[in-house]
Amino acid sequence: MRDGVQLATDVYGAGREAPAPTVLARLPYDKNSRYVFFDRIAERFTAHGYVVVVQDVRGKFRSQGRTLGWTGEVDDGYDTLEWIVRQPWSDGTVGMFGDSYYGFTQWSAVSSQHPALRAIVPRVTSTTNAPGIATYDAGAGRQPLWLEGATYQAQVWTDNHIHEFEVDFSRRPLIAAYEEAFAAIGKRSAGFDLVVGGIPLDPYNGPHPYDARPVPVLHCAGWFDNLGTAHLRDYEELAKRPGWAAVQYLIADTIDHENYFLEDAPATPESDHMVSVEALERKLDSYTGPAIEFFDVFLKGAAHPDTLPRVRWKLGHVGWRTAAGWPLPEARATELYLTDPAAASGTVPGGGLAPRPDDRAESGQWRYDPDDLVPSAATDTFLQLREHADERRTLDRDDVLVFTGAAATRPLDLAGPVHAVLHVESTAPTYDLFVRLLDLAPDGTARLILRGCAQADRPGEVEIALGHTGYRVRPGHRLALMIAGSDFPNHLPNSGSLESPWLATTPKASLQHLRTGAAHPSRLCLTVLPDSGDGGEGGGPR
């Protein structure tokens, strides 16, 4: 690099007679690990005529330099691209590929504006998740702190290694559990300290990627990814910008962050790519195939861009579809209003989801108890679909509100953004709102479709983005909306006061009130297809 630091780098497929285009990945998770399986990925790219370059980023594994994520990637990306184009096996063109943080390093390289970068394929990532502090819905306003993100900082970004340790979430103050881990390691995570201090990082010392030179982008997003909302925000923002709009492509699949599929959920030993070699090989074909097709167009010029669908999206429980853009022009917004909130704190079905609000004003309430927190939908949201847990027991808790719609008589296809608008007040000076949209099956099982959260410090209307989805609610199934005051251990519990939740030793309980009715129209806002089903009758609310 320009400052003399050396970054450990592997090159696959360089022994060709003629220079070739390069596919670059820069990551912090050990370029030679089973976790990122780049030996197998490289086999697929090199078989199609590409050189593959894989690099441990600064301060990770075999690379030199300070360990601090989301910093320095613009310059290091530029310098790596410059190194590549000076090699005899390079034809001077580079594309980048990869998930999560190695999607972020792609956006950093875009910010560097190196002329050799001709296309990127960022998967399950975003431009705005730096430094992974706020939540999976980065950029959506003030939100509860994503405790998983803080733990990630502590485990991944302490030094060159990854330190796996169990966090004792019963400790008060909670910060003490992490301090014990750092004492045992003998080092601190600078990134974690920034999280606790609420100090943001500016990851781009060049222009924000939105303002950089446009390059073709194949966004590979997941409906169940914990960064999915932020990823779709990148796509929508760039699709509106001159220069960028013409080169935006989207693949949206029914996957979570670790590439587990809805159709295989919950995973079995035979379908789990983390344990099965056969499952991994099957996954890698669908994982790399679209990127190879994309690079063949934009790195090799082997086909015209018009041969690529602008949008490929999977409708959960149905299959793949194509479109000219996203959201779909034929999709329409519809609203379901929360009714009978007094019944919502009981067992399922609780309150209702109706096409019109009640004329009369009503209210319901739920408690926030820091000694009895509402369990998260998954203990690890990166692996949401590996377990795809049944949440019925959570719905029946007396400290959550649940509203259910009528059973679908025809398929109801959700296709686009979803958000909730809630009218809430609290006895606490600050309170958290966690919302989950679930599929309630005829047998009573309840499985997650989408989720979102917000933090508020005053009474009134709160809008909560749940993200985008492509999902079929099948006949006999119902939508269920759950509202809670905690989501643990995914998120840091609220202190119930103005005290830092990291330092609170006696967090305070509180009571929240939800208002409904025409004067306070708390509601669920959906995007649906007007004619659901495979050529059959429509199934959307009318």
L145 CG to H491 NE2 distance, which is reported to the nearest 0.5 Å: 8.0 Å

Just checking, any donor-acceptor pair under 3.5 angstrom between side chains of D264 and S271? no

Minimum heavy-atom distance G49-P21, with the two atoms named: O-CD, 4.1 Å

Salt-bridge criterion met for R386 and D380 (N-O under 4.0 Å): no

Spacing of L437 atom CG and L448 atom CG [to the nearest 0.5 Å]: 8.0 Å

Report, as yes or no, whether the 6.0 Å neighbourhood of atom CD on E180 holds more than 12 heavy atoms from other residues, nucleotides or ligands. yes

Step by step, work out the salt bridge (charged side-chain N to carboxylate O under 4.0 Å, His left out) result for D439 and R447. CA-CA 5 Å; D439 181 338; R447 304 198 189 272; over 6 Å; no

For the OG1 atom of T125 and the CG atom of D99, what is their distance to the nearest 0.5 Å? 8.5 Å

Let me confirm one number: the OG1-CG distance from T430 to N494, rounded to the nearest 0.5 Å. 4.5 Å

Under 3.5 Å, is there a donor-acceptor pair between the S63 and Q55 side chains? no

Residues E293 and R312 bridged, charged N to O under 4.0 Å: yes

N490 and N226: side-chain donor and acceptor closer than 3.5 Å? no

Closest non-hydrogen atom pair between C453 and I464, with its separation: N-CG2, 3.4 Å

Strictly under 6.0 Å, is that where the ring centroids of F97 and F295 end up? no

Nearest heavy-atom pair of A446 and L395: which atoms, and what distance? CB-CD1, 3.6 Å

Nearest 0.5 Å please: distance from the OH atom of Y78 over to the CE atom of M1. 12.5 Å

Given Y368 and L373, is the side chain to side chain contact (heavy atoms under 4.5 Å, CB included) satisfied, shown in steps? CA-CA 8 Å; Y368 166 68; L373 297 166; 3.7 Å; yes

Plane angle bin for W70 and F104 - parallel if under 30°, tilted between 30 and 60°, otherwise perpendicular: tilted

Less than 3.5 Å apart, any donor N or O on the side chain of D234 or T127 sitting next to an acceptor on the other? yes

Just checking H48 against Y50, ring centres under 6.0 Å apart? no

What residues form a ring-ring contact (aromatic ring centres under 6.0 Å, His included) with Y431, not counting sequence neighbours? none

Is the ring pair H208/Y210 parallel, tilted or perpendicular, if the boundaries are 30 and 60 degrees? perpendicular

Could I get the full list of side chain to side chain donor-acceptor pair (under 3.5 Å) partners for E281, not counting sequence neighbours? R40, R44

Of W313, Y249, Y235, which is the lone residue that meets ring pair (Phe, Tyr, Trp, His ring centres under 6.0 Å) with W326? W313

ring-ring contact (aromatic ring centres under 6.0 Å, His included) involving H419 - partner list, sequence neighbours excluded: none

Note: R397-D399 ion pair, threshold 4.0 Å (strictly below): yes

Pairing of R172 and D371 as salt bridge, 4.0 angstrom limit: yes

Please determine if R62 and D30 form a salt bridge, counting it only when a charged side-chain N lies under 4.0 Å from a carboxylate O. yes

Evaluate D10 against N32 for side chain to side chain contact (heavy atoms under 4.5 Å, CB included), listing each step before the verdict. CA-CA 9 Å; D10 292 339; N32 303 112; 2.7 Å; yes

Are side-chain N/O atoms of D272 and Y260 paired as donor and acceptor at under 3.5 Å? yes

Could you report the tightest heavy-atom contact between P327 and P417, atom names first, then the distance? CG-CD, 4.1 Å

Of the options W107, Y101, Y102, which is the one that meets E73 in a side chain to side chain donor-acceptor pair (under 3.5 Å)? Y101

Do Q248 and R241 touch side chain to side chain, with heavy atoms closer than 4.5 Å? no

Inter-residue atom distance T151.OG1 - E166.CD, 0.5 Å rounding: 10.0 Å

For the pair E82 and R86, evaluate salt bridge (charged side-chain N to carboxylate O under 4.0 Å, His left out) and give the outcome as yes or no after the intermediate values. CA-CA 7 Å; E82 186 67 17; R86 292 179 178 178; 3.0 Å; yes

